[in-house]
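This structure is in structure tokens; I'll ask about it shortly.
When reading the values below, keep in mind they use all heavy atoms of this one structure, side chains included, and skip hydrogens, waters and symmetry mates.
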Number of protein chains: 2
Amino acid sequence: MARSMHVRRPATLASLAAELGVSRTTVSNAYNRPDQLSPELRRRVLETARRLGYPGPDPVARSLRTRKAGAVGLLLTENLSYAFRDPAAIGFLEGLALACEDAGTGLLLVPANPEREDVAAVHRAGVDGFVVYSVPDDDPHLAAVLERPVPTVVCDQPDLGNVDRVGIDDQAAMNSLARHLISLGHRRIGVVCMRLARDRNDGYVTPERQRSAHFHVQRSRLAGLADAFTEVGVDWAAVPVVERFDHNIASGAAAAAQVLDRDPQITALICTSDILALGALGEARRRGLNVPHDLTVTGFDGIREAEAAGLTTVRQPVLEKGRAAGKLLLDSAERTRPRSVLLSTELVIGTTAASPRGVVEERWFGP
Amino acid sequence: MARSMHVRRPATLASLAAELGVSRTTVSNAYNRPDQLSPELRRRVLETARRLGYPGPDPVARSLRTRKAGAVGLLLTENLSYAFRDPAAIGFLEGLALACEDAGTGLLLVPANPEREDVAAVHRAGVDGFVVYSVPDDDPHLAAVLERPVPTVVCDQPDLGNVDRVGIDDQAAMNSLARHLISLGHRRIGVVCMRLARDRNDGYVTPERQRSAHFHVQRSRLAGLADAFTEVGVDWAAVPVVERFDHNIASGAAAAAQVLDRDPQITALICTSDILALGALGEARRRGLNVPHDLTVTGFDGIREAEAAGLTTVRQPVLEKGRAAGKLLLDSAERTRPRSVLLSTELVIGTTAASPRGVVEERWFGP
DNA sequence: AATTGGTTCTGAACCGTTACGGTCACTTCA
DNA sequence: TGAAGTGACCGTAACGGTTCAGAACCAATT
């Protein structure tokens, strides 16, 4: 009943002022600056507001005048809903939400459907700034964000030179994981990676596609691997690298199967994410391969599920990334040059990596 | 460089129009209704816009004029970041995001800190509607939402009579779980529940507090239990019910310990959420109790982790709940009476519930 | 009596759009 | 040839606030 009255409601700050016989300014002050009017008048204003069903100053109008929206926008590469399925993305979101919460700011999830190139949602977003999380560097949504006259922080993106940035050194992190495997004796490896560009390419990846990958994170991780293995004489161009568009355990399993079918002699399967690695583990089990002795499997991210599985991986502080991004954005106080936050990672030695059988034998029976 | 020009940008639709010598309307049409002007003029407008660094119509001003924000607000009972830690909440979010995505609408996470009673964030939110998820029914944020003149959908809330609603029949669902345990022979039970009100009360719950609980979901589940057990002659007032404010596995373990310490003779520990139940399972293991033979443990929600643990529980369609809430809100097309969506639940028979030892013995050696 | 200072309240400008209802020149058609 | 369309563009009036420089008033000080 009370609510149905609200449905079409003419009450506005002006009408309230008229009703009370005071100026709009006074009504505004009643809400925003209680010290600017007598307590008695303020009481009257608020009471009349209640009587007329006036819900207080309209947020949009206020935003227009004050030029603050009280919210930051988040642009994700994937469907909005995907973010809630990927543990790493969830961690990032949690951190970002934490930062927003601290600042009393809202967090607007912008519906940027990667399929249609509909950038309108970016234009429609009434926000004070944007956080962009892991989108391909040629994403039109990203371009649209950069054209908006608001501060922006990118995460897991290449250095754009003129925008705040937070991330990790993916290349170095993956490089150190590679060195670990190399030290264990692995030379014949296969790689399973997430998608490298906006187009779907479920299968083998050419070196050219690796170099020109539009996802900075994936490109860097592959580069880290290539560097390490090239250094010990492995012909990177001959290393099988398979890509999967969809990021889930089934994809990881399918990709692992594809590699193992064509190159059964590999001793290690390096995956660029834990999710893919969990799929690879499943596939190995299905084939009766003993991990790590028949096959080493590694991941990247350090999600909880990976820990439970004992995965050898690289842990990155996903929550911290989100929080850092939020903080950076929210205290964009007259900074001049763009800032860059690089968080550290940690190599997690699990139980899914070991020396390949051949190497062990070498040690025992070698020269 | 190009970006630094944007920092203080005077370019507006009006200034663009002036520069071009056309009316503001025409510039507006260039963006919003290409058919209303000649392609040639439109091209000129857009080009001049680029030259002047005009980023297109200001979203906030547009929202004010059109009276749509292009976003829906989500109000959660907990800290924003908490939502990303609770699997059930994540599922709800995913469903809601799905619905928003379909409609091309943004999703604004409103920072409603449950500690301070700062309702301002609700007032500041520029949204076309609200979804309210599982907040105490006396939450001031909820009251603030209901005063806003926008459509609202509540989820896991009591029927407010004048607002759209989606949920499940918590009472019936828990009742059926209780009957299952009763049929197994359980009569001496303990209960672990989530928090019942806004104040922290880690410990035993009086029947009075149960009845007056401000979290509809918890109140209903307890009522479902009370009904079932009362019916078979159990004195509900004597059943130990312990409450925990924090919702995590450690809390569940601590609560279980509290019950088991005081009432070691109970044969079943009924938890009102899977998370708590997982904690209880851990505590039982720690005490060397064999689940289910020494102790039956049950949960509620049907999260993935529960399935992995073989928990006997009630599965509810959390994703569907989110999606239904979103849909309800987004097609608020001139409905008259409030709508209500009740989703169905499913009793999941796991491996954590069995007949108590006594009952088995009765069967074998009884009269 | 004039000045000062402090409250309390007001007027008008401004925020950047879009909706609405035109005008005007130029076909088209009977 | 006159009436009725049609396409391209424009003027005005909101949309609902906030802000800032005063005005009006009163009490206290010089």
Taking only N and O in the side chain of Arg67(A), is any of them less than 4.0 Å away from OP1 or OP2 of dC14(C)?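 For dC14(C), neither OP1 nor OP2 has a side-chain N or O of Arg67(A) closer than 4.0 Å.
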
With sequence neighbours left out, write down each residue that passes salt bridge (Lys or Arg N to Asp or Glu O under 4.0 Å) with Arg195(B), or none if nothing qualifies.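 By the salt bridge (Lys or Arg N to Asp or Glu O under 4.0 Å) rule, Arg195(B) matches Glu78(B).
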
Between the two ends of the helix from dA1(C)-dT30(D) to dA30(C)-dT1(D), what is the bend in degrees, rounded to 10 degrees, where each end axis spans five pairs?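 End axes: 50° apart.
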
Side-chain polar contacts of residues 97-112 of chain B - donor-acceptor pairs under 3.5 angstrom, sequence neighbours left out - could you list them?
residue: Glu101(B); atom: OE1; partner: Ser81(A); partner atom: OG; Å: 3.3
residue: Glu101(B); atom: OE2; partner: Leu80(A); partner atom: N; Å: 2.2
residue: Thr105(B); atom: OG1; partner: Ala103(B); partner atom: O; Å: 3.4

With a cut-off of 3.5 Å and sequence neighbours excluded, list every side-chain donor-acceptor pair involving residues 125-135 of chain A.
residue: Asp128(A); atom: OD1; partner: Ala69(A); partner atom: N; Å: 2.6
residue: Asp128(A); atom: OD2; partner: Ala69(A); partner atom: N; Å: 3.2
residue: Asp128(A); atom: OD2; partner: Gly70(A); partner atom: N; Å: 2.7

Please list all pairs meeting salt bridge (charged side-chain N to carboxylate O under 4.0 Å, His left out) that have one or both residues in residues 22-36 of chain A, counting only residues at least two apart or in different chains.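 Output for this query is empty, none listed.
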
Examine the base of dT18(D) for any acceptor or donor lying under 3.5 Å from a partner atom in the side chain of Arg65(A), and report the outcome as yes or no.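 Answer yes: a donor N or O sits under 3.5 Å from an acceptor.
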
What pairs with Thr26(A) under side-chain hydrogen bond (donor to acceptor under 3.5 Å, both in side chains), at least two apart in sequence or on another chain?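 Result, side-chain hydrogen bond (donor to acceptor under 3.5 Å, both in side chains) vs Thr26(A): Ser23(A).
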
With Arg43(B) via salt bridge (Lys or Arg N to Asp or Glu O under 4.0 Å) - residues at least two apart: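 Counting only residues at least two positions away or on another chain, Arg43(B) forms a salt bridge (Lys or Arg N to Asp or Glu O under 4.0 Å) with Glu40(B), Glu47(B).
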
Could you check how far CG of Leu64(B) sits from C1' of dA13(D), rounded to whole Å?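 In whole Å, dA13(D) C1' lies 13 Å from Leu64(B) CG.
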
side-chain hydrogen bond (donor to acceptor under 3.5 Å, both in side chains) against Arg42(B), all qualifying residues, sequence neighbours excluded: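 Not a single residue meets the side-chain hydrogen bond (donor to acceptor under 3.5 Å, both in side chains) criterion with Arg42(B).
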
Find every protein N or O atom lying less than 3.5 Å from an N or O atom of nucleotides 23-25 of chain D, and list the pairs.
none

With sequence neighbours excluded, what pairs up with Tyr82(B) under the ring pair (Phe, Tyr, Trp, His ring centres under 6.0 Å) test?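 Checked Tyr82(B) against ring pair (Phe, Tyr, Trp, His ring centres under 6.0 Å); zero matches.
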
With sequence neighbours excluded, what pairs up with Asp118(B) under the salt bridge (Lys or Arg N to Asp or Glu O under 4.0 Å) test?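 In terms of salt bridge (Lys or Arg N to Asp or Glu O under 4.0 Å), with neighbours along the sequence ignored, Asp118(B) is linked to Arg116(B).
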
When you check the phosphate oxygens OP1 and OP2 of dT17(C), does a side-chain N or O of Tyr54(B) lie under 4.0 Å from one of them?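 Result: yes.
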
Using a 4.0 Å heavy-atom cut-off across all strands, classify Arg33(A) as base, sugar-phosphate, or nothing.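 Touches sugar-phosphate only.
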
Rounded off to whole Å, could you give me the OH-to-C1' distance for the Tyr31(A) and dG16(D) pair?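 Tyr31(A) atom OH is separated from dG16(D) atom C1' by 13 Å.
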
Atom pairs, N/O to N/O, protein against nucleotides 6-10 of chain C, distance under 3.5 Å?
residue: dC9(C); atom: OP2; partner: Ser38(A); partner atom: N; Å: 2.9
residue: dT10(C); atom: OP2; partner: Ser23(A); partner atom: N; Å: 2.9
residue: dT10(C); atom: OP2; partner: Ser23(A); partner atom: OG; Å: 3.3
residue: dT10(C); atom: OP2; partner: Thr26(A); partner atom: OG1; Å: 2.7

